[in-house]
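Okay, so here's the structure we're looking at.
Chain A is the first sequence line, chain B the second, and so forth, proteins listed ahead of strands; every chain is numbered from 1.
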There are 4 protein chains.
Amino acid sequence: MMDKGDSAGRRSTSSTSGAKRPSERPGQPGGRRDTNRRERTKALSDAALALFLERGIEAVTIEDITSKAGVAKGSFYRYFDDKQALVEALFAPVATQVIAAFDESIAKLKAARSRAAAFASYEAIGEALGAVILHHGDVVLLYLQECRAPAEGARAPARLLADVVAEKAIEHTRLAREHGLLRAFPAEVSTLTVIGAAERILFSVLNGDFKGEPLEVPGQLITLIFDGLRAPDLRKPEG
Amino acid sequence: MMDKGDSAGRRSTSSTSGAKRPSERPGQPGGRRDTNRRERTKALSDAALALFLERGIEAVTIEDITSKAGVAKGSFYRYFDDKQALVEALFAPVATQVIAAFDESIAKLKAARSRAAAFASYEAIGEALGAVILHHGDVVLLYLQECRAPAEGARAPARLLADVVAEKAIEHTRLAREHGLLRAFPAEVSTLTVIGAAERILFSVLNGDFKGEPLEVPGQLITLIFDGLRAPDLRKPEG
Amino acid sequence: MMDKGDSAGRRSTSSTSGAKRPSERPGQPGGRRDTNRRERTKALSDAALALFLERGIEAVTIEDITSKAGVAKGSFYRYFDDKQALVEALFAPVATQVIAAFDESIAKLKAARSRAAAFASYEAIGEALGAVILHHGDVVLLYLQECRAPAEGARAPARLLADVVAEKAIEHTRLAREHGLLRAFPAEVSTLTVIGAAERILFSVLNGDFKGEPLEVPGQLITLIFDGLRAPDLRKPEG
Amino acid sequence: MMDKGDSAGRRSTSSTSGAKRPSERPGQPGGRRDTNRRERTKALSDAALALFLERGIEAVTIEDITSKAGVAKGSFYRYFDDKQALVEALFAPVATQVIAAFDESIAKLKAARSRAAAFASYEAIGEALGAVILHHGDVVLLYLQECRAPAEGARAPARLLADVVAEKAIEHTRLAREHGLLRAFPAEVSTLTVIGAAERILFSVLNGDFKGEPLEVPGQLITLIFDGLRAPDLRKPEG
DNA sequence: TATGAATGAGACTTCATTCAT
DNA sequence: AATGAATGAAGTCTCATTCAT
C-alpha cells in the first residue's frame with residue numbers, strides 16, 4: 001500500500017528527535033497520558049536497540065520490535081513514523097551531546113589565549129565524550145556498528161552523524177594545532193587516526209571482545225597517541 | 001530489505017571461494033563455455049560490488065544485481081547459491097591474501113634472530129597489504145563498510161574476516177614486541193589503535209572523502225604511530 | 001506446481017487442527033473479531049477444498065485459494081502456516097471422527113460378551129462413518145482422491161490418515177472374527193477388500209460418476225460382501 | 001519464456017505411446033542409433049518411474065529425472081515432449097494390454113454360448129491382468145497411486161485409464177451376468193466392488209505394506225468375493 | 001488509544017523450456 | 001546428438017503500513 005524504500009535525506013526537515021508528536025495530544029505534560037507515552041516509547045526504543053545490536057538495523061522488523069516490547073504492531077506507528085525515525089530518536093541524545101561537546105570545545109579553543117586554556121578544551125571534550133559513552137554505551141555501540149554504512153534507509157542517521165563528527169573533529173584539530181598543542185601534521189590524517197583508534201578500541205570494549213582492562217584504555221590511548229602527536233617541546237623525556 | 005533464512009556460520013563447509021562449480025562441465029577449460037562462465041561471474045560480481053558500495057549489502061536485491069549485470073534473474077543462482085555466497089566470493093581473494101600476509105609475517109617474526117630481520121617482516125606485511133588495497137580497493141572499501149556488522153546474514157563474511165584479522169594482528173604485535181621493535185605496551189590496545197587508525201583513514205581515502213594526498217598517508221601514518229609506539233632506543237632525536 | 005521445502009512428518013508436534021491460533025487475541029470469543037476470524041478461515045478452507053477437488057492439491061497455488069476466497073494473498077499466512085497446514089485443518093474433523101469411530105467400535109468389540117453385542121459395534125461404526133460422509137462429503141472425496149499419494153508435501157495428511165485407518169480397521173476385523181462374526185479368513189485381506197470396495201464405490205458416488213441409486217449402495221454392499229457374488233447354482237457347498 | 005501450465009486433454013490427438021519420434025531419424029531401426037535411442041528412453045523412464053513412486057508425479061522435476069538417469073537436462077526433450085508425455089509412455093504398454101484384455105474378454109463373452117465358455121473368459125482376463133502385474137508391477141503401482149487424481153496435468157493419463165477400465169469392466173460384468181455367471185446384482189456396484197477390493201490389496205502388496213502371503217491373495221480374493229464374508233452359522237438360507 | 005487483522009508490493013528461489021556450443 | 005547455460009514466469013512467503021474494532 002505504501003512504498004517500502006526510503007530515500008536518504010528525506011528527513012532533512014524533521015526535528016532532531018525523530019519522535020512522533022501528535023499535533024494535539026490530550027493530557028498535560030507530566031500527566032498520566034504523558035507518562036504512558038514515555039513508557040511506551042522507552043519500551044520500544046529499548047527493544048529496538050537490543051535487537052539492532054544483535055542483528056543489525058536492517059535485519060530487524062517492526063514486528064520484532066513491537067513483539068519484544070510487548071506492544072501491538074500497529075502501536076509502533078503511534079510513536080514513530082518508521083524504523084528510521086526510531087533510529088533517529090535513539091541517536092538523538094548522543095548526537096546532540098557529542099555535537100555540543102565539539103562545538104563547545106571548538107568555541108573554547110577559539111577563545112583560548114594560552115596553551116593551558118587550549119589544553120583544557122581537550123579535557124572538557126574528553127570528559128563529555130566519556131559521559132556519553134558511560135550513559136549511552138549501547139547507542140554508541142550501535143553507532144560504531146553502523147556508522148560506515150551508506151547513508152541510505154534506516155541506517156542513515158548513523159552515517160550522517162559520523163560525517164558530522166569527522167568534520168568537527170578535524171576543525172577541532174586544526175585549531176588545536178594553531179595553539180601549538182600538536183605537532184605540525186595534516187589535521188585530517190591525525191584526526192582520523194585518533195578517531196579511528198579510539199572508535200576501534202571502544203568497539204571492542206563495548207562489544208565484550210576486549211580482553212584487557214577497559215578503565216586503563218583511555219590513559220594508554222592518550223600516551224600512545226600523544227607521544228606521537230605531541231609537539232616537540234611538550235615531549236617528556238623517556239624513563 | 002532483510003535476508004530471510006540465513007543463519008550465521010552455515011557455510012563452514014563450503015570452499016573458500018564461495019563460487020558454485022558444477023562438478024563436471026562440458027567444454028575444456030579455456031574454451032568458449034569456460035570463458036562465458038568467467039565473464040558472467042565477473043559481470044555479476046562487479047555489478048554486485050558497485051551496488052553494495054552504493055547502498056549496503058542488505059539493501060541490494062538479487063534482481064538489482066542481475067539487472068545491472070544484464071542477465072536473467074534465474075541465472076544468478078547458477079553462479080552463486082545466494083547473496084551471501086556472492087559476498088564470500090567477493091571477499092575470498094582479499095581474505096586469502098590478507099590472512100596469508102599475516103601468517104607469513106608472523107612466521108618470519110618467529111624465525112627472526114635480529115631486530116633488522118624482525119623489522120623486515122613489517123615491511124613485508126605492509127607491502128602485501130598495500131598490494132591488496134591497490135588491486136582490490138573496492139572490496140576493501142566494502143569490507144570497511146560492513147566489517148562491524150553482526151555476523152548475520154549476507155554481511156557475515158565481512159565481520160568474520162575482521163575478527164580473524166584482529167586476532168592475527170594482535171599476535172603479530174606480541175611477537176614484534178618480543179623482538180624489541182615496540183614499546184612495552186599491551187598488544188591488544190596498540191594493535192587495535194593501529195588497525196583502527198589505518199582503517200579509518202583508508203575508508204576516507206577509498207571513499208573519496210579524503211581531502212589530502214593519499215600517497216603521503218602511509219608515511220605519515222607510520223611516523224605518527226611509530227613515534228608513539230617505537231621502543232625508546234629506536235627513537236630518533238627530533239629535528 | 002511443486003511444493004518446495006516440505007519434508008514429510010515435519011508436523012508431528014502440531015496440534016490436531018492445523019489451524020493457526022494467535023495465543024492472545026483481542027475481542028472476546030463470539031465478538032466481531034472472532035466472527036471475522038471464523039469467516040475468513042471458512043472462506044479459505046472452502047475455496048481451497050473446491051480447488052483441490054478440481055485440480056488436485058499439488059496443482060493449486062496459495063494465490064488461487066486467496067483469490068477465490070476473496071482475500072489478499074498475505075492474509076493466507078495469518079490463518080495457516082502453509083498449504084499443508086490447511087490440508088491438515090481440512091482433514092482434522094474427519095480424521096478425528098473416523099479414528100474415534102474405530103476406537104470406540106474396537107473398545108465395544110473387546111467388551112462384547114455376545115455375538116449380538118459384537119454385531120452392534122458394526123452398526124455403530126457404520127452409522128458413525130455414514131454421518132461423516134454425509135456431513136463432510138467433499139473432504140471425504142478429497143481424501144479418496146489423494147490418499148494413495150506418497151506421504152510427501154501437502155498431500156501427506158491424506159496418506160497418513162489412510163494408513164491409520166487401514167491399521168485400525170484390520171484390528172477391528174481381527175476382533176470381529178474372534179467373536180465369530182466373520183469367516184475364518186486372513187483379517188488383512190478381508191479388511192482391505194471391504195475398505196477397497198467401499199472406498200471405490202464411495203468415490204464414484206461422491207464424484208458424480210455413479211449411475212445407480214446411492215441410497216441403496218450400503219445395503220447392496222453389505223449383502224455382496226457378506227454373501228458373495230457367486231450365482232446360486234454355482235455355489236459350492238460349504239466344507 | 002514458455003508457459004508451464006498444461007491444460008488437460010491437450011493430448012487427445014497424440015499417439016498412444018507418448019514417445020517422441022523425430023520425423024526424420026537417421027539410422028535404420030535396430031541400428032546403432034536406434035539402440036542408443038532405446039537405451040536413453042529406458043534410462044529416463046526408469047529413473048522417472050522410481051522417482052514418481054517415491055514422491056508422486058507432480059513433485060518430480062525434469063531435472064530430477066535427467067540427473068538420476070545420468071543425462072543432460074536438455075536431452076530430456078529429445079525423447080519426450082514433457083513430463084506428461086513421459087507418463088503416457090510409461091502407461092502405454094500397460095494401458096494397451098489391460099484394454100486389450102478387457103476387449104478380448106468382452107468379445108469372448110459376447111460370443112460365448114455356454115456357461116463354461118463364459119467362465120473361460122474370466123480365466124483369460126485374470127491371466128492377462130496377472131501377467132501385466134507381474135511384468136509391470138511398478139507401473140501398476142504408479143497407476144494405483146495416481147489414478148484418483150483429477151485428470152489434469154501430468155497425472156491425467158492415470159485417471160483417464162482408470163475411467164476407461166471402470167467402464168469396460170462394468171460392461172464385462174453386465175455380460176457375465178447375462179450368462180448367469182453372477183447373481184442378479186447391479187453391475188456397477190459389483191464391478192466397483194471387485195475393482196476396489198482388488199486394487200486396494202494390490203496396492204498394499206506392491207507397496208510392501210502387505211503382511212500376508214501375496215501368492216495366496218488371488219485365490220482368497222476370489223473365494224471372498226464369490227462366497228462372501230459371512231460366518232457359516234450366520235448364513236441366511238438363499239431365498 | 002491499543003490492538004492485531006488486512007493488504008499487496010516485492011524479495012527469494014525454482015523450474016520448464018530453449019538454445020548456443 | 002548431447003550438454004548444460006540462459007531465460008523469465010510463477011510460486012512461496014514476508015513485512016511495512018493502514019484500518020476496523
Looking only at E:dT14, F:dA5, E:dT17, the nucleotide nearest the B:Tyr77 side chain is E:dT14
Find the distance A:Arg78:CZ to E:dT3:C1' and express it as a whole number of Å. 11 Å
For B:Glu63 and for C:Ala72, find the nucleotide of DNA chain E with the closest heavy atom, then tell me which residue's nucleotide is more 5'. C:Ala72
Taking OP1 and OP2 of E:dA5, is either one under 4.0 Å from a side-chain nitrogen or oxygen of C:Tyr79? no
Rounded to whole Å, CG of A:Leu44 lies from P of E:dT3 at a distance of 10 Å
Ignoring hydrogens and angles, does a donor from either the side chain of B:Lys73 or the base of F:dT7 sit under 3.5 Å from an acceptor on the other? no
So which heavy atom on A:Phe52 is nearest to which on B:Pro150, and how close? O-CG, 4.4 Å
Could you tell me how far apart B:Phe80 (CZ) and F:dA5 (C1') are, to the nearest whole angstrom? 15 Å
State whether B:Arg40 places a side-chain N or O below 4.0 Å from either non-bridging phosphate oxygen (OP1 or OP2) of F:dG4. no
Protein-nucleotide distance (B:Glu58, atom CD; F:dT14, atom C1'), rounded to Å: 15 Å
Assess whether a salt bridge exists between A:Arg55 and B:Glu152, defined as any Lys/Arg side-chain N lying under 4.0 Å from an Asp/Glu carboxylate O. no
Measure the distance from CD on C:Gln84 to C1' on F:dG11 and round it to the nearest whole Å. 17 Å
Considering only heavy side-chain atoms of D:Ser75, the closest of F:dT12, E:dT3, F:dA2 is F:dA2
Judged by atom type as modelled, is there a donor-acceptor pair below 3.5 Å linking the side chain of D:Lys83 to the main-chain atoms of D:Val60? yes
I want to confirm an ordering. Mapping B:Gly70 and C:Phe76 to their closest nucleotides on DNA chain F, which one lands closer to the 5' end? B:Gly70
Closest-nucleotide 5' rank along DNA chain E - winner of B:Ile62 and B:Asn36: B:Ile62
